[in-house]
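In the text below, chain A, chain B and the rest are named by the order of the sequence lines, each starting its count at 1. Just so you know, these numbers use all the heavy atoms, side chains as well, and skip hydrogens, waters and symmetry mates.
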There are 2 protein chains.
Amino acid sequence: MKCKVSENPSIKEAYRLIEDGIRKRALVVILACCSASYEGRARSRLDAGERLIVIKPDGTFMVHQDRKVDPVNWQPPKSRSRAYIKRGSLYLESIRRDPEERLEVEIHEAHLVSYYLARDVHDLMVAGHENDMGDMIIMHPHLIEKGFRPVAREYAVTSGFIDILGKDENGSLMIIELKSRKAGVSAVKQLKRYVDEFREDRVGVRGVLVAPSITHDAMEMLEEEGLEFREIEPPRELRSNRGVTLDNFL
Amino acid sequence: MKCKVSENPSIKEAYRLIEDGIRKRALVVILACCSASYEGRARSRLDAGERLIVIKPDGTFMVHQDRKVDPVNWQPPKSRSRAYIKRGSLYLESIRRDPEERLEVEIHEAHLVSYYLARDVHDLMVAGHENDMGDMIIMHPHLIEKGFRPVAREYAVTSGFIDILGKDENGSLMIIELKSRKAGVSAVKQLKRYVDEFREDRVGVRGVLVAPSITHDAMEMLEEEGLEFREIEPPRELRSNRGVTLDNFL
DNA sequence: GAGTCTATCTCGGAA
DNA sequence: TTCCGAGGTAGACTC
């Protein structure tokens with residue numbers, strides 16, 4: 001029996017089922033009219049409304065309203081949850097240590113209480129990240145331009161890390177800034193800071209912003225600063241080679 | 001009847017209940033063994049596992065694993081969801097326009113399908129935001145130091161917005177950077193950029209980072225740059241006056 | 001609609 | 001453990 005369900009349970013029934021589910025490290029799902037108070041990194045109060053409450057086996061606790069992707073109140077994995085009855089009312093409590101945080105939910109009326117002994121071994125396979133773009137460019141440097149040779153990756157400078165450092169066919173230094181989404185002015189500013197740092201030493205340093213697209217304002221600033229743009233889509237293969245390094249090509 | 005529930009439904013029963021719930025703009029909650037494919041801003045694939053699926057009245061769609069606060073796959077509010085049966089299997093689909101994104105979930109086995117006609121009019125009341133800190137400092141400038149006078153808020157400069165601009169008792173310009181959480185090196189860099197911009201014009205500009213705490217590295221950088229730190233906790237009152245402006249004090 | 005910024009951001013990786 | 005940066009960030013707000 002993977003699933004246990006109770007419709008419109010009494011307070012005691014709800015209490016027992018929830019405690020049972022937590023103890024068995026099940027996925028506990030509750031539909032209820034509730035209110036919530038949180039105190040920790042911030043402080044919040046949520047008045048009564050009908051919501052979805054979820055307690056996960058890893059200690060995650062969430063209160064979801066009828067809108068938005070984000071929970072309205074929550075606690076992260078490893079929080080300790082329990083149910084208790086006080087003055088005839090059912091409460092849920094989730095406590096986190098370091099930082100000390102406490103979320104208390106008062107259940108005014110439970111419509112559905114259930115738990116689910118979920119088994120889930122798989123992780124998400126995802127493609128289209130900045131890291132994948134870097135891998136792709138290291139493996140296919142001509143995507144930047146003919147004759148481009150990468151020299152270093154995540155190269156540390158005062159103002160941060162240069163995504164890819166390389167040289168063009170004339171031996172001029174090239175600073176590559178990667179963005180996996182549309183690039184804004186902040187990306188241009190970041191690239192400019194890197195280039196300025198190098199230009200102090202020597203001239204002829206090229207700065208290239210690589211992204212699938214760019215905002216209008218960012219393109220204007222880029223041109224003003226004498227920087228370049230390469231339109232490149234992040235790769236879409238789900239099983240990209242992890243751990244591609246420059247060693248393979250130098 | 002606020003709640004409708006079916007345990008271990010057949011494919012057709014599950015299909016009908018889910019479509020019914022979506023049409024009635026209910027909160028649809030499903031416990032099922034499923035796999036998922038996403039294509040849009042990125043691309044992802046999730047192999048079979050036992051999960052919680054939620055469809056909200058506002059169009060939000062979520063697939064939750066047995067761990068983590070964030071859903072493993074999701075679509076934002078205003079997405080269009082539907083269920084359908086293809087080659088004897090039950091599928092859920094959620095589509096978003098602009099950007100074009102599609103999430104498809106195949107239900108291999110539904111353990112629990114339910115929907116809940118939730119009513120929830122209340123919004124979260126929360127305290128402890130950066131904005132509240134700004135309000136507090138505008139109302140009590142001496143928290144920065146004796147004689148401090150705020151002059152402008154969200155003051156636009158080339159590299160962004162200065163949280164609070166003011167003058168000390170000697171008439172020297174002060175640039176205040178607020179953080180509601182522990183400040184890191186990025187906050188110091190940000191403050192430094194603002195101060196540098198002003199120092200081009202005139203010397204004697206003071207930069208002050210205001211936060212409840214600061215990382216070790218950030219404090220070192222702050223001292224190197226001749227900037228200052230004020231340890232201030234964000235306010236905890238839940239009903240802070242919204243819309244406090246400088247007009248009330250100048 | 002596009003751009004910018006905060007967040008109880010969350011989450012993963014590195015020092 | 002602490003810290004830093006990426007994210008399909010989400011969500012709020014301004015222009």
Without decimals, in angstroms, what is the distance between [X] [atom1] and [N] [atom2]?
X         : N       : atom1 : atom2 : answer
Met133(A) : dG8(D)  : CE    : P     : 14 Å
Arg67(A)  : dA12(D) : CZ    : C1'   : 15 Å
Asp70(B)  : dG8(D)  : CG    : C1'   : 11 Å
Met221(B) : dC3(D)  : CE    : C1'   : 12 Å
Lys56(A)  : dT10(C) : NZ    : P     : 13 Å
Asp163(B) : dT6(C)  : CG    : C1'   : 10 Å
Arg97(A)  : dT8(C)  : CZ    : C1'   : 17 Å
Asn131(A) : dA6(D)  : CG    : P     : 11 Å

Does [X] make a side-chain N or O approach to OP1 or OP2 of [N] shorter than 4.0 Å?
X         : N       : value
Lys182(B) : dC3(D)  : yes
Arg41(A)  : dT10(C) : yes
Ser180(A) : dG7(D)  : yes

**Asked** For the base of dT8(C), is there a side-chain donor-acceptor partner from Asn73(A) under 3.5 Å away?
**Response** yes
**Message:** Can you tell me whether the side chain of Gln75(B) and the base of dG8(D) have a donor-acceptor pair closer than 3.5 Å?
**Reply:** yes
Checking all strands, does [X] fall into the base, sugar-phosphate, or nothing category for heavy-atom contacts under 4.0 angstrom?
X         : answer
Pro234(A) : nothing
Pro77(A)  : sugar-phosphate
Phe161(A) : nothing
Gly160(B) : sugar-phosphate
Glu130(B) : sugar-phosphate
Lys179(A) : nothing
Gly40(A)  : nothing

**Message:** On DNA chain D, does the nearest nucleotide to His216(B) precede the nearest nucleotide to Leu124(A) from the 5' side, or the other way round? Give the residue.
**Reply:** His216(B)
**Request:** Mind telling me whether Phe198(A) and Tyr155(A) have parallel, tilted or perpendicular rings, with 30° and 60° as the class edges?
**Result:** tilted
Please pick, from [options], the nucleotide with the shortest atom-to-atom distance to any side-chain atom of [X].
X         : options                 : result
Asp98(B)  : dG5(D), dA10(D), dA2(C) : dA2(C)
Trp74(B)  : dG3(C), dA10(D), dT8(C) : dA10(D)
His129(A) : dA12(D), dG7(D), dG5(D) : dG7(D)
Lys189(B) : dC11(C), dC3(D), dG5(D) : dG5(D)

**Message:** I'd like to know if Lys189(B) and Asp196(B) make a salt bridge, using a cut-off of under 4.0 Å between side-chain N and carboxylate O.
**Reply:** no
Has the side chain of [X] got a donor or acceptor atom that lies under 3.5 Å from a matching backbone atom of [Y]?
X        : Y        : result
Arg25(A) : Pro57(A) : yes
Arg80(B) : Arg97(B) : no
Lys56(B) : Lys68(A) : yes

**Prompt:** Side chains of Thr60(B) and Asp58(B): donor-acceptor distance under 3.5 Å anywhere?
**Reply:** yes
**Asked** Arg181(B) or Glu177(B): which one's nearest nucleotide on DNA chain C is closer to the 5' end?
**Response** Glu177(B)
**Prompt:** Toward the 5' end of DNA chain C, which comes first, Lys68(B) or Thr215(A), by nearest nucleotide?
**Reply:** Thr215(A)
**Prompt:** Taking everything shown except Arg67(A) itself, do over 12 heavy atoms lie less than 6.0 Å from its CZ?
**Reply:** yes
**Message:** Say we look at dC4(D) and dG8(D): how far apart would their P atoms be, to the nearest angstrom?
**Reply:** 22 Å
